[in-house]
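Report on the structure given below.
The chain is numbered in sequence order, starting from 1. Side-chain atoms are counted along with the backbone in the values below, which use heavy atoms only and exclude waters and symmetry mates. Remember, it's 1-based here, ligands and their atoms both numbered in the order they're listed.
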Amino acid sequence: MQVQSFNDLPLSDDVLRGIKDLGFEKPSPIQAQSIMPLLQGRDVIGQAQTGTGKTAAFGIPMVESIDLLDRRVQGLVLAPTRELAVQIADHISRISRYTGIRVCPIYGGEKINKQIRQLKSGVHIVVGTPGRIIDHLERGTLKLKDVHTVVLDEADRMLDMGFIKDINKILDRVPKHKQTSLFSATMDRNIWKICDKYMDRPEKILVSEDEIALEQIHQRYVKVDTSSRYPILEELIADQGIRKAIIFTRTKRGAHQLARKLKNSGYNADSLHGNLSQPQRDRVTRGFRKHNVDFLVATDIAARGLDITGITHIINYNIPRETLSYFHRIGRTARMEAEGTAITFVAHGEEKAMADIKAQTSTRITELKTSVNVKAGPAEKHRAICRKCKIEFDLPFKPTDGRPVYCLPCLKTRKRHYRRRH
Ligand code: AMP
């Protein structure tokens with residue numbers, strides 16, 4: 001059955017009310033495909049990025065599976081970062097707003113005693129980062145023997161961050177007969193290994209790239225060099241109607257310095273990167289969410305999974321190192337129905353990285369011209385064969401068709417010879 005509306009699904013009135021309050025009118029593709037199998041108790045592998053509505057795709061069935069009268073942990077979601085854990089917990093709390101279900105985020109960087117108190121008071125769903133979950137398991141402050149539903153969110157990211165051992169350790173502590181689902185933007189051998197080990201005949205759901213909101217994102221690129229990068233950013237802010245943007249830099253230091261430069265120029269900017277403490281990160285994210293900050297200068301790791309509405313632009317101040325990061329970055333704008341623009345700065349030597357990105361998407365990425373002067377890159381080299389010694393060499397210009405060319409040593413000997421004769 002093609003699920004057109006949330007009413008087509010066997011959901012309780014309380015959950016439907018929660019979904020309505022969130023303003024969701026119809027299920028997104030990943031929701032339309034995964035909610036039903038999950039409600040039926042099947043294991044699910046969902047290949048989908050953030051921005052597709054995957055949190056509700058696993059959150060809605062998880063909420064429906066909870067026995068309210070049993071105050072022990074029944075649902076467990078593992079997520080790679082603190083920000084994501086908080087966001088998922090918040091999302092599930094909103095879905096379950098009218099059900100009385102208690103959801104608790106568990107992550108490193110926050111005082112453990114507060115979490116212990118919360119866990120003691122009885123929670124139904126725990127959303128946490130692997131490291132802190134292990135910490136609680138070792139202290140005996142979190143028990144997983146009543147867990148019947150487990151979700152691994154952003155599994156690829158968790159593996160990238162080296163959580164594989166922790167994940168195995170945690171999954172070995174939950175009862176064997178449980179429902180397991182796994183969501184990941186990419187699937188590789190190590191992820192399939194987890195699936196084989198912990199899942200039972202999973203349903204595989206793929207949300208293809210066209211279904212991800214790429215069409216709603218206007219993608220542009222702009223050529224820059226070292227000295228024009230910042231003036232170009234300032235011009236874009238003034239000319240492109242950038243109201244709220246995440247500006248991605250390659251390094252933590254770069255993020256810190258650019259935010260400071262923007263602040264000194266009078267912009268409302270702040271930075272988010274891995275060198276900040278958890279309270280600092282929370283403060284910055286909150287400021288950006290609440291519109292106190294217009295420009296968030298961030299590194300990939302810090303901004304991953306952030307779900308903040310109203311972001312009009314993503315600026316790749318430094319082009320991402322990996323093509324996939326590009327899609328994660330630009331996915332921070334155009335959340336669900338909204339539109340957004342992504343502008344990528346391309347310096348000399350980075351054309352290949354931009355071409356790789358272009359090759360991965362069917363949507364167009366067009367050049368954006370600015371009035372700032374950008375120095376031409378190093379002259380293009382052309383291969384040529386020396387007429388005299390027949391050796392191949394680089395020429396800094398395109399040789400004219402039919403005209404003989406000489407390599408430098410041969411050219412010098414020719415000149416000497418020429419001078420002697422005249
Ligand atoms: P996620 O991929 O779970 O991070 O969700 C991305 C954004 O889409 C979040 O802001 C959700 O609130 C929103 N969202 C999720 N499902 C729907 C839906 N069915 N209709 C409209 N918005 C949704």
With heavy-atom distances below 4.0 Å as the criterion, list the atoms of ligand 1 near [X].
| X | result |
| --- | --- |
| Ser28 | 19 (N) |
| Lys26 | 18 (C), 19 (N), 20 (N) |
| His91 | 11 (C), 12 (O) |
| Thr55 | 1 (P), 3 (O), 4 (O) |

Quick test of your reading of the model: are [X] and [Y] salt-bridged, counting only N-O distances below 4.0 Å?
| X | Y | answer |
| --- | --- | --- |
| Arg139 | Asp135 | yes |
| Arg82 | Asp282 | no |
| Lys54 | Glu154 | yes |

Review point. Do the rings of Phe24 and His91 sit parallel, tilted or perpendicular, given the 30° and 60° boundaries?
Key: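 Tilted, since the angle between the ring planes falls between 30° and 60°.
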**Study point:** Whether His273 and His256 hold their rings parallel, tilted or perpendicular, with breakpoints at 30° and 60°
**Key:** perpendicular
Exercise for review: Return yes or no for this condition: an N or O of Gly23 is under 3.5 Å from an N or O of ligand 1.
Suggested key: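 N/O-N/O distance under 3.5 Å: no.
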Point to revise | Thr52, any N or O under 3.5 Å of ligand 1 N or O | key: yes
Practice item. Counting heavy atoms only, name the option from Gly53, Pro29, Ala32 that's nearest to atom 5 (O) of ligand 1. Key: Gly53
Check your understanding: Should we count NZ of Lys223 as having more than 12 external heavy atoms under 6.0 Å?
Key ->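 12 or below, so no.
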